[in-house]
Amino acid sequence: MAVPIDCRRCWPPSSGENPSSMRLSRYFLPTLRETPKEAEIVSHRLMLRAGMIRQQAAGIYSWLPLGKRVLANIEQIVREEQNRAGAIEILMPTIQPADLWRESGRYDDYGKEMLRIEDRHERDMLYGPTNEEMVTEIFRAYVSSYRALPLNLYHIQWKFRDEVRPRFGIMRGREFLMKDAYSFDIDQEGARAAYHRMFVSYLRTFERLGLKAIPMRADTGPIGGDLSHEFIILADTGESEVFCDRTYLSMNAPDAGVDYWDDAAMAKIVEEFTTPYAATDEMHDEAAYNALPEADRLSARGIEVGHIFYFGTKYSEPMNARVQGPDGKEHTVHMGSYGIGPTRLVAAIIEAFHDEDGIKWPEAVAPFHVGLINMKPGDAACDEICEKLYNALPASGVDVLYDDTDNRAGAKFATFDLIGVPFQVIAGPRSAAEGKVEIKNRADGSRDTVTVEEAINRFVAA
RNA sequence: CGGAGUGUAGCGCAGCCUGGUAGCGCACCUGCUUCGGGAGCAGGGGGUCGCAGGUUCAAAUCCUGCCACUCCGACCA
């Protein structure tokens, strides 16, 4: 028998351990057995209990390792789908000069939700609640020809809106992460095509996140038209009441092969997804809804996880963002903006996927794929099997959180149920002696006892 | 911003009414025993009692002011 070597204090790992996998004994996972009293909704309670976030002030949170991993996974999916749809990533600052906002007139209009700051030179600054002005400034500085269009620039950046009443944890924080994309086109027709690309991109993004997001017509304000949609996911604890055709539940987003530059195809998909009835309470048309067959009506609570809209020349006009067209004339560009809130999505996903024991992460965003539970550290068979799995799975791209602690079985199960890792691989003395482990599926609670090789193959194949 | 409420150890709470050396459970540390669904026993560490004034011999406790946070409503990615 090999001499056991306690290498838990060796860090960074010299063995080539995949850093995307972790030993629990070396991780920072401050879980809570009891729920802090301020947490009212389930996602907030579970995020605090699972050690994902730490509140620093009203509506302002630190992201702890587990939360950070989920957030990063969401960001990456959003990023990939934005890129696929032709948007180009940039990064604008959180702090902006007030002068830009004076140009658009919003410095005075925005009100107290905007956090205003003065720097040491007594210059008026602000912590950006959004970036239309800044991206328009970038655009006008460099783009002067229609040949550069269409153009869509996005970034994923922290925003601050000084909400009167932050609540529901991260769901309605003051500081939040947002992906905001901004499209520039020479005319409304081009802007419509840009809008459609983002619409389709959103369908794919939310589907990849494991969510059923339903596009609902939103108020376009003074601009009017049909180019504003909120993407709503259904959850019992949603903030607003929504009404839609049940048919949405069985609709699937287009696959990755769609051609975003085929305007007609894009328009067709958008039409398909905007034809069935769907509205939030403020846009609700009782008569139209009641015209649906009783069985098709779906009335539920919803959480807004994305919002896209066309706003024409609202910023390009006052800020002089113009390009020269093929006709030799100057054209004020038509713009749209497209937001997704990754931080809110973390909470929204939990609202949609949890049970009384904890979170049930969809695989695409899970902080780890597998929770490897060594039921009896020190037992030769358990240790050997766990080390084998802990080496094999990460090597194949499966992120593992290995519970190598000597806590009791019940505590380990409770922790992994709480943090919602999709699969628990359990190595206990009885089965380990036969070279087997148990696999528990967190989503449906099903269990299987398989050989170590089968376990490896199952995750690697998936 | 209107209404309600709470601040005592990392988390959940008691103590306050009736002033007198700050306590319980969880978590944490040590030891022993346990070991497949948040173990048991024993020992231990940790607190400016939100802050500032005031009353008093003495304030977590009484008085005044402030601050922070939460919840309900109106508003929003």
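Convention: sequence-line order gives letters A, B, ...; per-chain numbering from 1. These figures come from a predicted structure and were not determined experimentally.
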At under 4.0 Å between heavy atoms, what does [X] touch on the DNA or RNA strands: base, sugar-phosphate, or nothing?
| X | result |
| --- | --- |
| A:G173 | base |
| A:A57 | sugar-phosphate |
| A:A414 | base |
| A:K376 | nothing |
| A:G428 | base |
| A:T130 | nothing |
| A:K37 | sugar-phosphate |

Can you check the distance between [N] and [M], where both ends of the measurement are the [atom1] atom (answer in whole Å)?
| N | M | atom1 | answer |
| --- | --- | --- | --- |
| B:C63 | B:U55 | P | 15 Å |
| B:G10 | B:C51 | P | 13 Å |
| B:A60 | B:C13 | C1' | 15 Å |
| B:C24 | B:A9 | C1' | 12 Å |
| B:C57 | B:G45 | C1' | 34 Å |
| B:A27 | B:A39 | C1' | 15 Å |
| B:C1 | B:U64 | P | 24 Å |
| B:U30 | B:U18 | P | 46 Å |

Original post:
Between A:K112 and A:T343, who's closer to the 5' end of RNA chain B by nearest nucleotide?
Top reply: A:K112
Subject >> Residue mapping more 5' on RNA chain B - nearest nucleotide basis, A:D417 or A:E38 >> reply: A:D417
Electrostatic pair [X]:[Y] at N-O distance under 4.0 angstrom:
| X | Y | value |
| --- | --- | --- |
| A:D124 | A:R102 | yes |
| A:E132 | A:R106 | yes |
| A:R172 | A:E163 | yes |
| A:D406 | A:K376 | no |

Donor-acceptor contacts, no H, no angles, side chain residues 62-82 of chain A, under 3.5 Å, sequence neighbours left out:
residue : atom : partner : partner atom : Å
A:S62   : OG   : A:Q56   : OE1          : 2.6
A:R69   : NE   : A:P367  : O            : 2.7
A:R69   : NH1  : A:S20   : O            : 3.3
A:R69   : NH2  : A:S20   : O            : 2.7
A:R69   : NH2  : A:P367  : O            : 3.1
A:R69   : NH2  : A:D399  : OD2          : 3.4
A:N73   : ND2  : A:R69   : O            : 3.4
A:N73   : ND2  : A:V365  : O            : 3.1
A:N73   : ND2  : A:A366  : O            : 2.9
A:Q76   : OE1  : A:R79   : NH1          : 3.0
A:Q76   : NE2  : A:E80   : OE2          : 3.1
A:R79   : NE   : A:E89   : OE1          : 2.9
A:R79   : NE   : A:E89   : OE2          : 3.3
A:R79   : NH2  : A:E89   : OE2          : 3.2
A:E80   : OE1  : A:R208  : NH1          : 2.9
A:E80   : OE1  : A:R208  : NH2          : 2.8
A:E81   : OE1  : A:R84   : NE           : 3.0
A:E81   : OE1  : A:R204  : NE           : 2.9
A:E81   : OE2  : A:R84   : NE           : 3.3
A:E81   : OE2  : A:R84   : NH2          : 3.1
A:E81   : OE2  : A:R204  : NH2          : 3.1
A:E81   : OE2  : A:R208  : NH1          : 3.0
A:Q82   : OE1  : A:K179  : NZ           : 3.1
A:Q82   : NE2  : A:S201  : OG           : 3.4

**OP:** Please find the earliest and latest nucleotides of RNA chain B, in the 5' to 3' direction, that have an atom within less than 4.0 Å of any heavy atom of chain A.
**Re:** B:C1 to B:A77
Original post:
Residues in side chain to side chain contact (heavy atoms under 4.5 Å, CB included) with A:H307, at least two apart?
Top reply: A:A218, A:S228, A:E230, A:E304, A:F309
With both distances under 3.5 angstrom, what nucleotide forms a Watson-Crick or G-U wobble pair with [N]?
| N | value |
| --- | --- |
| B:C62 | B:G54 |
| B:A14 | none |
| B:C69 | B:G5 |
| B:C76 | none |
| B:C41 | B:G31 |
| B:G36 | none |

Subject >> Any residue of residues 430-448 of chain A with a heavy atom less than 4.0 Å from an atom of RNA chain B >> reply: A:S431, A:E438, A:K440, A:R447
Subject >> A:I156 side chain near A:M178 side chain, heavy-atom distance below 4.5 Å >> reply: no
**OP:** Decide yes or no for A:K388 and A:E453: does some side-chain heavy atom of the first lie under 4.5 Å from some side-chain heavy atom of the second?
**Re:** yes
Original post:
What pairs meet the salt bridge (charged side-chain N to carboxylate O under 4.0 Å, His left out) rule with one or both residues in residues 338-349 of chain A, with sequence neighbours excluded?
Top reply: A:E239-A:R344
Subject >> salt bridge (charged side-chain N to carboxylate O under 4.0 Å, His left out) contacts in which one or both residues fall within residues 28-41 of chain A, not counting sequence neighbours >> reply: none
Original post:
With respect to A:N374, which candidate in A:D379, A:D383, A:D403 satisfies the side chain to side chain donor-acceptor pair (under 3.5 Å) definition?
Top reply: A:D383
